[in-house]
Amino acid sequence: MPRTTSLEMTRNIGIMAHIDAGKTTTTERILFYTGKIHRMGEVHEGAAVMDFMELERERGITIASAATTTYWREHRINIIDTPGHVDFTVEVERSLRVLDGAVAVFCAKGGVESQSETVWHQAERYSVPRIAYVNKMDIVGADFLNVIQMMRERLGANPVAIQLPIGAEADFRGIIDLVNMRAEVYYDEEGTDIRFESIPENMLDLAEEYRSALIEAVSDESDELMELYLGGEQIPAELLTRCIRSATVANRAVPVCCGSSYRNKGVQPLLDAIVDYLPSPLDIPPIEAIGKGGKGSVEVKADDSAPFAALCFKIVSDPFVGRLAFCRVYSGTLKVGTAVFNSSRGKRERVSKLLLMHANSRTEVDEVYSGDIVAMVGLKETVTGETLCSEGRQLLMESMDFPDPVIRIAIESKTKQGQEKLDESLRKLGEEDPTFRTYSDTETGQTIIAGMGELHLDIIVDRLIREFKCECRVGKPSVAYRECIKSPVRAEGVCERVAAGKNIYGRCVFEFAPGEPGSGIKLENRVSTAVLPEEFAQAALEGVMDASRSGGLGGYECIDFSAALVGGDVRELESAPLAYKIAGSFAFRQAFTKDNSLLLEPFMKCDIIVPDENMGDIMGTVIARHGQVLGSDPRNGGRTCIQAMCPLREMFGYVNDLRAKTQGRGSFSMQFDHYQEVPANLVDKILGIIY
């Protein structure tokens with residue numbers, strides 16, 4: 001099947017924002033005005049197409065990112081609608097990794113909120129060009145210019161207004177297009193009766209001022225534009241559009257649009273901005289990949305004639321077609337039934353089906369091309385972050401890093417027969433979500449599930465019951481503590497035992513030392529192959545890594561340390577890799593004793609938005625929970641955002657306390673920031689030691 005849309009006319013974009021800013025509503029309107037759907041569904045009614053999971057419709061929030069494809073002005077737009085809740089920030093992270101551009105949605109009243117900052121910095125990390133859409137211009141307290149100022153101050157961005165609202169709150173009725181210098185006024189509730197008019201007399205000066213600011217912001221993009229501007233001559237809209245696009249693609253400016261998606265105003269101009277200013281796959285620099293065997297670098301260009309290369313960014317267990325691997329095709333083409341090479345694992349896999357997704361519905365295709373976002377069926381071992389390529393040109397693209405879980409609960413099947421089904425369901429959920437972990441507690445034998453927050457685990461348990469039909473019981477949430485080593489120590493591990501009727505021997509010596517916070521685990525082999533062959537040295541390092549999953553203080557995972565293999569010996573005929581792996585774990589246990597270990601706890605960065613009159617009380621609740629108030633920012637509508645750093649162990653159930661003290665008007669979000677040593681007077685209590 002030949003390509004239907006050229007690469008130049010393809011846009012791969014994500015919709016990202018803080019929770020309740022209107023991402024899904026905006027996506028719903030985009031699909032309606034582009035003719036993809038024929039009736040607009042509302043999030044609060046549980047009828048939005050992109051919120052297709054039963055849980056999403058019940059709770060009125062987006063939990064999993066959903067992909068779709070639509071067309072506007074003959075351009076193909078591949079859209080990923082992402083969640084706004086901080087517990088599901090991994091969905092935004094992995095979507096941005098494979099997208100060419102993004103629309104950042106801001107609430108006209110709330111402006112730049114906590115999760116807005118998080119997703120903005122995620123986009124910066126991957127150098128994703130953005131346009132901003134100030135939504136909800138119809139609500140009380142809407143202030144378009146204030147949001148632009150907040151973007152400048154809090155995000156360090158260079159926002160450039162390409163539109164101005166005509167009216168605000170209940171009087172919002174249209175926009176001023178600063179590129180074409182005309183008003184677009186809406187005369188019906190459906191948003192289809194749009195009339196181009198002259199700019200209102202009372203807004204002409206403001207429009208001239210902001211158009212001049214727009215031209216100045218992009219004047220460096222073109223000598224022609226600079227000359228026309230300095231000469232006081234008329235600037236053609238086509239030239240200005242070209243310069244805005246150039247500045248946007250290079251991340252030198254962020255065009256800002258406005259509207260009210262719920263009231264069906266401003267969505268068509270937003271679509272025009274997506275087509276006009278966001279990049280095509282050809283506008284993005286080639287992906288830098290590592291060549292075969294980790295040697296050299298390979299440029300992956302968006303070219304159908306090049307060898308195939310794609311990145312898997314999401315795994316989904318579909319009840320009808322099985323395991324779906326969502327992939328972004330960076331170069332080449334792929335036909336159904338073709339074998340692809342997973343260079344991350346060094347294995348060949350065969351693609352049995354290629355699907356274009358529209359939320360939870362799908363269309364089978366025979367072939368996909370560079371720039372496409374597609375779901376592949378038949379990949380049995382590929383997981384998130386792995387590279388697929390042609391075996392003739394093997395390469396490895398940069399994978400994705402995901403944060404560790406900070407909260408955990410015990411879970412068990414209600415029946416003995418259901419345990420196997422529960423284990424399999426947990427395995428599938430772990431494949432789908434890289435921030436979800438499951439493991440068995442070595443001391444109690446319980447199955448533990450760990451995630452990014454209470455809502456995250458609540459959703460996981462709900463999905464186990466509804467989707468996977470598992471009857472299970474869960475314990476109370478608990479904090480995922482960590483351990484680290486106090487001081488440098490030299491430790492020896494020796495293994496002498498009989499295995500399968502044969503004597504095996506291994507001895508290794510390690511030097512352990514604490515690392516900087518956030519440095520992770522660093523393993524190093526300082527022993528020459530003459531002293532310890534490579535396979536024995538690697539086995540000893542593996543033993544340390546495996547043992548680090550359970551420390552000597554409370555059985556928690558150990559982080560932020562270095563382990564250098566500095567010695568060992570070999571016995572002819574008796575030395576075996578298994579023995580050195582066991583010896584490495586013995587050395588770890590010898591170093592990470594109770595006396596030489598520290599207990600660490602996760603600290604959360606909290607943004608608490610409250611009415612001004614409740615500010616003092618809420619700061620008091622933060623201090624009472626052993627948190628630290630970092631500062632506060634005034635918000636529109638008589639509200640203040642309190643920034644605080646709090647230990648996670650004190651934040652369970654905080655939302656109920658907050659609502660009670662603010663008559664239900666307060667809200668808060670938190671995300672993991674760092675691990676910090678637990679106060680000495682609380683260590684024994686946490687570990688359950690009784691004297």
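Between the Asn264 side chain and the Glu189 main chain, a donor and an acceptor come within less than 3.5 Å of each other. Panel note: side chain Glu483, backbone Gly554; a donor-acceptor pair is recorded below 3.5 Å. Arg154 places a side-chain N or O within donor-acceptor distance of the main-chain N or O of Val112, the cut-off being under 3.5 Å. Listed for the Asn251 side chain is a donor-acceptor partner under 3.5 Å among the backbone atoms of Ser127. No donor-acceptor pair closer than 3.5 Å links the side chain of Asp560 to the backbone N or O of Gly515. The backbone N or O of Ser440 sits nowhere less than 3.5 Å from a side-chain atom of Thr447 that would complete a donor-acceptor pair. Here the side chain of Gln163 pairs a donor or acceptor atom with the backbone of Cys258 at under 3.5 angstrom. The main-chain N or O of Ile609 is never found under 3.5 Å from a side-chain atom of Arg639 such that the two would form a donor-acceptor pair. No donor-acceptor pair under 3.5 Å is formed between the side chain of Glu677 and the backbone N or O of Leu598. One N or O on the side chain of Thr415 and one on the backbone of Gly418 form a donor-acceptor pair closer than 3.5 Å.
Ion pair Glu601/Arg649 flagged as a salt bridge, since at least one NZ, NE, NH1 or NH2 atom sits closer than 4.0 Å to an Asp/Glu carboxylate oxygen. One finds no salt bridge joining Arg97 and Glu93 here, because no Lys/Arg side-chain nitrogen approaches an Asp/Glu carboxylate oxygen to under 4.0 Å. Electrostatic pairing of Asp595 and Lys486 does not count as a salt bridge here, judged by no charged N lying under 4.0 Å from a carboxylate O. Between Glu424 and Arg427 there is a salt bridge, since at least one side-chain N of the basic residue sits less than 4.0 Å from a carboxylate O of the acidic one. Salt bridge Asp657/Lys661: present, at least one basic N to carboxylate O contact under 4.0 Å.
Atom CD of Glu516 has 12 or fewer heavy atoms from other residues, nucleotides or ligands within 6.0 Å. No more than 12 heavy-atom neighbours from other residues, nucleotides or ligands sit within 6.0 angstrom of CZ on Arg659.
Looking at heavy atoms from C-beta onward, Leu687 lies in side-chain contact with Leu553 at the 4.5 angstrom threshold. In this structure, Met670 and Phe668 have side chains that are in contact, with non-hydrogen atoms separated by less than 4.5 Å. Using a 4.5 Å cut-off on side-chain heavy atoms (C-beta onward), Thr662 and Pro611 make contact. Residues Ile449 and Leu426 are in side-chain contact: their nearest non-hydrogen atoms beyond the backbone lie under 4.5 Å apart. Contact annotation: the side chain of Ile407 never approaches that of Phe672 to less than 4.5 Å [non-hydrogen atoms, C-beta and beyond]. Taking the side chain as every heavy atom from C-beta outward, Ser116 and Phe106 approach each other to under 4.5 Å. The shortest distance between side-chain heavy atoms of Tyr481 and Leu600 does not fall below 4.5 Å. Contact annotation: the side chain of Ile409 approaches that of Val461 to within less than 4.5 Å [non-hydrogen atoms, C-beta and beyond].
With rounding to the nearest 0.5 angstrom, the OG atom of Ser317 is 7.0 Å from the CG atom of Leu429. Interatomic distance, Thr24 OG1 to Asp81 CG, rounded to the nearest 0.5 Å: 3.5 Å. A distance of 9.5 Å separates CG of Leu270 from CD1 of Ile175, quoted to the nearest 0.5 Å. Atoms SG and CE, from Cys257 and Met137 in turn, are 12.5 Å apart once rounded to the nearest 0.5 Å. Between the CG atom of Asp673 and the SG atom of Cys646 there is a distance of 11.0 Å, given to the nearest 0.5 Å. Here the straight-line distance linking atom SG of Cys641 with atom CE of Met615 works out to 10.5 Å at 0.5 Å rounding.
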Q | Candidate pair Asp404 and Arg482, rule side chain to side chain contact (heavy atoms under 4.5 Å, CB included), full reasoning | A | CA-CA 11 Å; Asp404 289 327; Arg482 294 287 184 265; 3.9 Å; yes
(Q) Using side chain to side chain contact (heavy atoms under 4.5 Å, CB included), reason through Glu650 and Met604 one step at a time and then give a plain yes or no. (A) CA-CA 10 Å; Glu650 296 284 357; Met604 314 299 285; over 6 Å; no
Q | Trace of the side chain to side chain donor-acceptor pair (under 3.5 Å) decision for Ser260 with Asn135 | A | CA-CA 5 Å; Ser260 169; Asn135 190 25; 5.0 Å; no
Q: Could you check Ser548 against Glu557 for side chain to side chain donor-acceptor pair (under 3.5 Å), going step by step and ending with a plain yes or no?
A: CA-CA 6 Å; Ser548 72; Glu557 187 177 337; over 6 Å; no
Q) Under the side chain to side chain contact (heavy atoms under 4.5 Å, CB included) criterion, do Ile642 and Val610 qualify, and how do the steps go? A) CA-CA 8 Å; Ile642 300 168; Val610 297; 4.0 Å; yes
Q: Begin with the C-alpha distance, continue with both residues' side-chain angles, and end with the deciding distance and a verdict on side chain to side chain contact (heavy atoms under 4.5 Å, CB included) for Val140 and Lys109.
A: CA-CA 7 Å; Val140 175; Lys109 179 180 178 181; 5.7 Å; no
Q | Trace of the salt bridge (Lys or Arg N to Asp or Glu O under 4.0 Å) decision for Arg463 with Glu432 | A | CA-CA 12 Å; Arg463 289 189 65 193; Glu432 287 187 20; 3.1 Å; yes
Q: Please assess Thr640 against Asp612 for the test side chain to side chain donor-acceptor pair (under 3.5 Å), listing each intermediate value before the final yes or no.
A: CA-CA 6 Å; Thr640 297; Asp612 290 344; 2.6 Å; yes
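Ser632 and Gln643 share no donor-acceptor pair across their side chains, judged by distance under 3.5 Å alone. When only modelled atom types and interatomic distance are considered, His456 and Glu454 share no side-chain donor-acceptor pair under 3.5 Å. A donor-acceptor pair shorter than 3.5 Å can be found between the side chains of Tyr133 and Ser261. Checked by atom type, the side-chain pair Ser669/Asp607 shows no donor-acceptor distance below 3.5 Å.
Listed by first and then second residue, the side-chain hydrogen bond (donor to acceptor under 3.5 Å, both in side chains) pairs that reach into residues 470-480 are Glu412-Arg473, sequence neighbours excluded.
With Leu155 as the fixed residue, the side-chain contact (heavy atoms from CB on, under 4.5 Å) test singles out one of Arg152, Glu153, Met151: Met151.
Closest approach of Ile80 and Ala67 over heavy atoms only: CG1-CB, 4.3 Å. The nearest pair of heavy atoms linking Phe592 to Ser597 is C-OG, 3.7 Å. Between Cys606 and Met651, the shortest heavy-atom contact is SG-CE, 4.1 Å. Among all heavy-atom pairs drawn from Phe172 and Gly167, the shortest one is CD1-O, 3.6 Å. Nearest heavy atom pair, residue Leu457 against residue Gly451, reads CD2-N, 3.6 Å. Scanning both residues, Phe468 and Lys428, for their nearest heavy atoms gives CE2-CD, 3.9 Å.
Ring pair Phe588/Phe561 is tilted by interplanar angle, where 30° to 60° counts as tilted.
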